[in-house]
Chemist: 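The structure follows.
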Amino acid sequence: PVINDRFIYWQHGNQKALRHGNMKWIDLGGKNKQAVYDVSPDIDKPEQNILLKDQALLTKKYARKWNEWRKKADFVRTKQPSENEETRKPRVLVLGDSISIGFMSSLKAMRDDEWEIHHNPGNARYTQYGLSKLDNWLGEDRWDVIHFNWGLHDLCYRHPESEIQGKRDKRKGVLTTNLDDYEFQLEQIVKKLRRSRARLIWASTTPVPENEPGRYAGSEILYNERAKKIMNKYSISINDLHAATNHRFHELTRAPGDVHFTPKGSELLAEFVVKAIEQKLLEK
């Protein structure tokens with residue numbers, strides 16, 4: 001086949017890219033962070049030659065193409081022929097949203113030499129979405145530990161006309177997942193995860209600050225209570241990241257009203273996650 005007719009796809013965390021001939025689409029994780037470049041084979045022509053003309057049309061076209069590919073793609077780890085049960089590293093799968101994406105680099109820096117660590121492609125979003133993608137994320141591989149969380153997307157209110165990132169709007173928007181549906185869907189996720197025979201760790205949903213545009217402060221406590229009920233039912237360990245960070249969240253958040261952590265905050269989360277995984281790996 002002619003190389004210019006082929007599509008090449010790439011993803012790392014919530015960053016995405018697509019190559020089609022001399023065209024390269026990138027998405028750094030947001031509606032206004034997409035762009036299409038002309039990557040000419042001419043070494044004297046720099047890649048910074050962004051295609052300002054028809055940007056809206058091109059980004060929409062390639063974003064749709066990338067999403068079509070992702071829906072069909074399998075998330076399956078490729079095993080190495082030389083691996084055996086005695087020498088392989090413990091395999092750890094982290095399932096979560098932008099909070100876990102944020103601490104992944106610190107987690108890998110701490111234990112990447114000892115564990116094989118993966119995160120679900122992109123953002124796990126809300127429970128219904130996670131349930132629909134879970135089989136692909138688990139793949140056919142055997143995981144030793146799965147550290148998982150859903151919550152922040154479920155308790156978020158969104159409005160299609162909102163101009164805030166993620167269409168957040170807790171005054172006029174619609175709640176993504178009510179408490180009863182959250183409990184039901186999370187339990188279905190747990191049932192699927194249990195069939196993987198991995199050792200499971202639930203991470204409680206981290207704090208929601210005052211003035212967050214799409215979420216009510218304290219609502220995460222109600223969702224954490226429902227999650228705790230399920231985890232106790234199935235004897236699943238709880239890594240209480242909410243309790244670990246709530247008392248000093250104002251020091252760890254990126255900005256007032258932001259649910260996301262600073263690099264220091266993400267590093268602290270990674271430390272709590274490492275301890276929980278280490279303890280779980282010691283269990284027989």
Side-chain angles (χ1 to χ4, degrees), residues 14 29-31 67 70-71 75 93-102 119-138 146-196 200-234 236 238-243 245-246 249 257-261 269:
N14 64 343
K31 182 179 179 181
N67 287 328
R70 188 63 197 91
K71 288 178 181 178
F75 179 54
L93 176 62
V94 178
L95 300 172
D97 53 25
S98 55
I99 303 302
S100 54
I101 291 172
H119 192 282
N120 59 274
N123 193 311
R125 302 184 189 178
Y126 45 91
T127 47
Q128 187 176 17
Y129 177 83
L131 193 56
S132 71
K133 297 290 185 181
L134 194 54
D135 288 336
N136 280 343
W137 294 343
L138 291 175
I146 299 176
H147 185 281
F148 66 109
N149 166 266
W150 275 269
L152 283 178
H153 279 253
D154 287 281
L155 57 84
C156 188
Y157 290 77
R158 303 183 192 275
H159 193 282
E161 297 178 3
S162 174
E163 296 181 357
I164 300 174
Q165 184 178 7
K167 302 294 183 183
R168 290 170 294 164
D169 186 342
K170 64 186 177 186
R171 302 190 184 280
K172 299 179 181 179
V174 177
L175 179 63
T176 301
T177 312
N178 64 48
L179 274 169
D180 289 339
D181 288 343
Y182 174 76
E183 181 178 344
F184 174 78
Q185 287 159 186
L186 184 58
E187 185 166 9
Q188 303 315 303
I189 288 173
V190 166
K191 288 178 179 179
K192 280 197 172 190
L193 291 176
R194 278 165 54 86
R195 290 199 290 270
S196 73
L200 304 179
I201 304 172
W202 166 255
S204 61
T205 298
T206 48
V208 174
E210 296 288 347
N211 302 320
E212 211 284 343
R215 303 171 175 95
Y216 288 96
S219 59
E220 78 281 3
I221 296 173
L222 301 175
Y223 284 75
N224 278 335
E225 288 175 352
R226 294 294 184 100
K228 183 179 180 180
K229 175 183 173 183
I230 295 169
M231 304 311 147
N232 288 341
K233 178 179 178 179
Y234 293 97
I236 294 173
I238 298 176
N239 189 11
D240 198 349
L241 300 183
H242 186 279
T245 57
N246 191 43
F249 187 65
D258 193 340
V259 297
H260 298 98
F261 289 79
L269 286 176

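Side chains included, hydrogens not; waters and symmetry mates left out as well; all remaining heavy atoms used. Each residue takes its place number in the sequence, starting with 1.
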Chemist: Using side-chain contact (heavy atoms from CB on, under 4.5 Å), reason through Asn239 and His147 one step at a time and then give a plain yes or no.
Modeler: CA-CA 9 Å; Asn239 189 11; His147 185 281; 3.1 Å; yes

Chemist: Please check this pair: side chain of Trp150 against backbone of Leu186, looking for a donor-acceptor N/O pair closer than 3.5 Å.
Modeler: no

Chemist: Would you please say whether a donor-acceptor pair under 3.5 Å links the side chains of Thr127 and Asp154?
Modeler: yes

Chemist: At their closest point, which heavy atom of Lys167 faces which heavy atom of Pro160, and how far apart are they?
Modeler: NZ-O, 3.4 Å

Chemist: Is any side-chain heavy atom of Lys192 closer than 4.5 Å to a side-chain heavy atom of Arg195?
Modeler: yes

Chemist: With the side chain counted from C-beta on, respond yes when His242 and Pro207 share a heavy-atom pair under 4.5 Å apart, and no when they do not.
Modeler: yes

Chemist: side-chain contact (heavy atoms from CB on, under 4.5 Å) for Leu193 and Leu95? Distances and angles first, verdict last.
Modeler: CA-CA 11 Å; Leu193 291 176; Leu95 300 172; 4.0 Å; yes

Chemist: Applying side-chain contact (heavy atoms from CB on, under 4.5 Å) to Val190 and Met231, what does each step give before you reach the verdict?
Modeler: CA-CA 8 Å; Val190 166; Met231 304 311 147; 3.8 Å; yes

Chemist: Would you confirm whether Ser162, through its side chain, and Arg168, through its main-chain N or O, come within 3.5 Å as a donor-acceptor pair?
Modeler: yes

Chemist: What are the two closest heavy atoms between His153 and Arg158, and how far apart are they?
Modeler: ND1-NH2, 3.2 Å

Chemist: At what distance, to the nearest 0.5 angstrom, does OH of Tyr216 lie from CZ of Arg171?
Modeler: 6.5 Å

Chemist: With distance as the sole test, does Asn149 use its side chain to make a donor-acceptor pair with the main-chain N or O of Gly96 at under 3.5 Å?
Modeler: no

Chemist: Using the side-chain hydrogen bond (donor to acceptor under 3.5 Å, both in side chains) criterion, which residues pair with Tyr234? Sequence neighbours excluded.
Modeler: Glu187

Chemist: Could you walk me through whether Ile99 and Phe261 pass the side-chain contact (heavy atoms from CB on, under 4.5 Å) check?
Modeler: CA-CA 7 Å; Ile99 303 302; Phe261 289 79; 4.1 Å; yes

Chemist: Measure across Gln185 and Thr177 and return the closest heavy-atom pair with its distance rounded to 0.1 Å.
Modeler: NE2-CG2, 3.8 Å

Chemist: If you round to the nearest 0.5 Å, how far is OH of Tyr129 from CG of Asp97?
Modeler: 12.5 Å

Chemist: For Thr245 and Thr206, work out which heavy atoms get closest and say how close.
Modeler: OG1-CG2, 4.4 Å

Chemist: Supply the atom-to-atom distance Thr205 OG1 to Asn224 CG, rounded to the nearest 0.5 angstrom.
Modeler: 4.5 Å

Chemist: Quick one: closest heavy-atom pair of Ile101 and Gly122, and the distance?
Modeler: CD1-O, 3.3 Å

Chemist: Between Asp181 and Glu183 (side chain of the first, backbone of the second, donor and acceptor by atom type, cut-off under 3.5 Å), is there such a pair?
Modeler: no

Chemist: Are Lys170 and Glu212 ion-paired here, with the side-chain N under 4.0 Å from a carboxylate O?
Modeler: no

Chemist: Verify the neighbour count for atom CZ of Arg215: are there more than 12 heavy atoms of other residues, nucleotides or ligands below 6.0 Å?
Modeler: yes

Chemist: What is the distance from atom CG of Leu155 to atom CG of Leu179, rounded to the nearest 0.5 Å?
Modeler: 9.0 Å

Chemist: Roughly how far, to the nearest 0.5 Å, is the CZ atom of Arg194 from the CD1 atom of Ile236?
Modeler: 6.5 Å

Chemist: Any idea which heavy atoms bring Asp240 and Ser204 closest together, and the distance?
Modeler: OD1-OG, 2.8 Å

Chemist: Quick one: ring pair (Phe, Tyr, Trp, His ring centres under 6.0 Å) pairs with a partner in residues 166-193, sequence neighbours left out?
Modeler: Tyr182-Tyr223

Chemist: Can you tell me how far the CD1 atom of Ile146 sits from the CG atom of Leu134, to the nearest 0.5 Å?
Modeler: 7.5 Å

